A.B. asks: 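First, the structure itself, so that you have it in front of you.
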Amino acid sequence: MENLEKQLICPVCLEMFSKPVVILPCQHNLCRKCANDIFQSANPLWQSRGSSSMASSGARFRCPSCRHEVVLDRHGVYGLQRNLLVENILDIYRQQDIKPEQQQQQQQLLCEEHEEEKINIYCLSCETPTCSMCKVFGKHRDCDVAPLGSVYMRQKTELSDGIAILVASNDHVQAVITQMEEICRTVEENSQRRREQLADRLDGLVAVLDERKQELVGLITREQDDKLKRVRSLIGRHSDQLEAAVTLVESAIRSMEEPHMSLFIQSAKVILEKMAVTARASTMERPELGYEDMSHFVIDTDGLADMLRSIDFSSGAHRGVGDDGEEDPEEGEEESELDFCLRF
């Protein structure tokens with residue numbers, strides 16, 4: 001037993017292993033708490049298991065017995081295999097390792113009512129330990145009783161089985177928690193990817209609208225330039241004609257002041273000829289009625305606005321299908337709920 005006890009000593013805390021016991025890849029054993037303490041000291045930036053996001057895999061530490069490097073996955077020390085054989089040996093050892101003074105104390109437990117009598121039976125009706133005298137002459141004479149040792153062994157077995165069931169249940173709960181934490185991480189990653197895809201698609205629509213806007217604005221600008229060029233050309237032409245006519249009028253007025261009839265006739269004849277030419281050349285060309293109207297540049301965006309407002313997610317349209325259009329088994333059911341398409 002003494003040699004067995006030496007084999008059940010943890011090399012870290014130098015105490016007997018405390019369950020659960022984990023077995024390293026190098027086949028050495030550690031208390032899981034001790035393994036976690038070594039791991040945390042070697043990896044201070046590792047996220048705690050209660051965090052919403054798990055740290056990436058690849059963290060490591062060295063076995064305290066042989067210095068073998070142990071590489072852990074994203075579960076940390078909780079991903080190490082438990083050594084159930086060592087745990088069972090611990091249970092057996094602790095059952096056999098009852099101190100002599102404890103045995104003496106158990107042997108010396110006496111009944112409170114019958115001071116000379118040892119407590120050696122268990123009253124099943126009252127659910128309490130008692131002595132034989134209490135069964136024969138005392139308050140338990142009409143009760144059902146059983147040997148104290150058999151009840152002790154039965155309840156100890158039941159308690160041991162209950163502990164094993166509870167530990168297994170705890171491990172199962174821990175596995176479920178780890179799985180749900182992984183689901184949370186996957187949901188966050190899938191949501192971010194879908195947000196980026198949605199932004200890219202809507203930005204693409206905005207780019208198309210902006211491009212089309214520039215084209216339509218260019219049409220209006222070109223027609224504006226053409227109309228302004230024509231009207232300003234007419235303005236220039238009529239301005240030249242007006243300036244020539246004003247000059248001719250000034251010449252005619254000066255000729256009217258000529259006192260000599262012969263000179264007046266000569267100058268008047270020249271001015272009249274110029275007036276005739278100016279009258280023939282004077283054409284009041286002007287833009288047609290409504291030339292300035294630009295109301296034909298109008299677009300109906302009501303239907304398009306309603307169409308844009310109706311953009312929505314189409315649930316189930318790509319259920320279970322990855323971004324490349326193929327089955328993506330790693331995405332899981334939670335991602336399929338986030339799939340979308342632009343529906344008009």
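Hydrogens, waters and symmetry mates play no part in the numbers below; they use all other heavy atoms, side chains included. Values in this document were obtained by computation on a predicted structure and should not be read as measured data. In this chain, numbering begins with 1 at the start of the sequence shown.
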A.B. asks: Are the side chains of Pro147 and Asn120 in contact, using a 4.5 Å heavy-atom criterion?
C.D. replies: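 They are not in contact (no side-chain heavy atoms under 4.5 Å apart), so the answer is no.
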A.B. asks: Between Asn83 and Phe17, is the side-chain contact (heavy atoms from CB on, under 4.5 Å) condition met? List the steps.
C.D. replies: CA-CA 11 Å; Asn83 195 331; Phe17 289 117; over 6 Å; no
A.B. asks: Once side chain to side chain contact (heavy atoms under 4.5 Å, CB included) is applied, do any residues pair with Val231, and if so which ones, sequence neighbours excluded?
C.D. replies: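 Result, side chain to side chain contact (heavy atoms under 4.5 Å, CB included) vs Val231: Ile235, Pro287, Tyr291.
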A.B. asks: What pairs with Glu211 under salt bridge (charged side-chain N to carboxylate O under 4.0 Å, His left out), at least two apart in sequence or on another chain?
C.D. replies: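 Salt bridge (charged side-chain N to carboxylate O under 4.0 Å, His left out) list for Glu211, sorted by chain: empty.
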A.B. asks: Check this for me: does any side-chain nitrogen of one of Arg185 and Glu182 sit under 4.0 Å from a carboxylate oxygen of the other?
C.D. replies: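 Salt bridge present between Arg185 and Glu182.
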A.B. asks: For the CE atom on Met261, are there more than 12 heavy atoms of other groups (residues, nucleotides or ligands in this structure) within a distance under 6.0 Å?
C.D. replies: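 Result for CE/Met261: open.
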A.B. asks: Applying side-chain hydrogen bond (donor to acceptor under 3.5 Å, both in side chains), run through His296 and Glu223 and close with a yes or a no.
C.D. replies: CA-CA 11 Å; His296 54 285; Glu223 181 158 336; 2.9 Å; yes
A.B. asks: Does the side chain of Gln192 come under 3.5 Å of the side chain of Glu196 through a donor N or O and an acceptor N or O?
C.D. replies: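 Yes - a donor-acceptor pair under 3.5 Å links their side chains.
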A.B. asks: Show the nearest heavy-atom pair for residues Ala42 and Phe61, with the distance to one decimal.
C.D. replies: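 Reported closest heavy-atom pair: CB-CB, 4.0 Å.
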A.B. asks: Using modelled atom types only, decide if a donor and an acceptor are shared between the side chain of Asn88 and the backbone of Leu84 within a distance under 3.5 Å.
C.D. replies: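 Indeed, once roles are kept as given, a pair shorter than 3.5 Å links the two residues.
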A.B. asks: Salt bridge or not between Glu292 and Arg286? Use side-chain N to carboxylate O under 4.0 Å.
C.D. replies: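 So Glu292 does not pair with Arg286 through a salt bridge.
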A.B. asks: For the pair Asp306 and Arg309, find out whether any cationic side-chain nitrogen is under 4.0 Å from an anionic carboxylate oxygen.
C.D. replies: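 The answer is yes: the pair qualifies as a salt bridge.
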A.B. asks: Checking Lys33 against Asp37 for the salt bridge (Lys or Arg N to Asp or Glu O under 4.0 Å) test, could you report, in this order, the C-alpha distance in whole Å, the side-chain angles of both residues, the deciding distance, and whether it holds?
C.D. replies: CA-CA 6 Å; Lys33 180 181 181 303; Asp37 291 342; 3.2 Å; yes
A.B. asks: Can you confirm whether Glu69 is buried at CD, in the sense that more than 12 heavy atoms of other residues, nucleotides or ligands lie under 6.0 Å from that atom?
C.D. replies: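 Yes, enclosed.
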A.B. asks: State, with a plain yes or no, whether a side-chain heavy atom of Tyr122 is found less than 4.5 Å away from one of Thr130.
C.D. replies: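 No, their side chains stay 4.5 Å or more apart.
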A.B. asks: Is any side-chain heavy atom of Lys139 closer than 4.5 Å to one of Cys134?
C.D. replies: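 No; the side chains remain at least 4.5 Å from each other.
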A.B. asks: Please assess Leu124 against Val145 for the test side-chain contact (heavy atoms from CB on, under 4.5 Å), listing each intermediate value before the final yes or no.
C.D. replies: CA-CA 5 Å; Leu124 300 176; Val145 297; 5.7 Å; no
A.B. asks: So does Lys227 have more than 12 non-hydrogen atoms from other groups sitting under 6.0 Å from NZ?
C.D. replies: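 More than 12 within 6.0 Å, yes.
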A.B. asks: Does the side chain of Gln224 reach to within under 4.5 Å of the side chain of Leu228, using non-hydrogen atoms?
C.D. replies: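 Yes - at least one pair of side-chain heavy atoms lies under 4.5 Å apart.
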A.B. asks: Heavy-atom count around Glu215 CD within 6.0 Å, excluding the residue itself: above 12?
C.D. replies: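 Yes - once you tally the heavy atoms of other residues, nucleotides and ligands closer than 6.0 Å, there are more than 12.
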A.B. asks: How about CD on Glu243, more than 12 heavy atoms from neighbouring residues, nucleotides or ligands closer than 6.0 Å, or not?
C.D. replies: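 Incorrect, the count does not exceed 12.
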A.B. asks: Look only at the side chain of Asn190 and the backbone of Thr186, and say whether a donor-acceptor pair between them is shorter than 3.5 Å.
C.D. replies: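 Yes, Asn190 side chain to Thr186 backbone: donor-acceptor pair under 3.5 Å.
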A.B. asks: Before giving the answer on side-chain contact (heavy atoms from CB on, under 4.5 Å), spell out for Arg62 and His68 the whole-Å C-alpha distance, their side-chain angles and the decisive distance to 0.1 Å.
C.D. replies: CA-CA 5 Å; Arg62 292 189 179 277; His68 175 78; over 6 Å; no
A.B. asks: Which atom names give the shortest non-hydrogen contact between Phe297 and Leu219, and what distance separates them?
C.D. replies: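 Scanning both residues, the minimum pair turns out to be CZ-O, 4.0 Å.
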A.B. asks: Is the backbone of Glu285 close enough, under 3.5 Å, to the side chain of His238 for a donor and an acceptor to pair up by distance?
C.D. replies: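 Yes, His238 side chain to Glu285 backbone: donor-acceptor pair under 3.5 Å.
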A.B. asks: Does any non-hydrogen side-chain atom of Glu15 lie less than 4.5 Å from one of Cys10?
C.D. replies: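 Sidechains of Glu15 and Cys10: no contact.
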A.B. asks: Step by step, work out the side-chain contact (heavy atoms from CB on, under 4.5 Å) result for Arg82 and Val167.
C.D. replies: CA-CA 12 Å; Arg82 290 177 57 182; Val167 169; 3.0 Å; yes
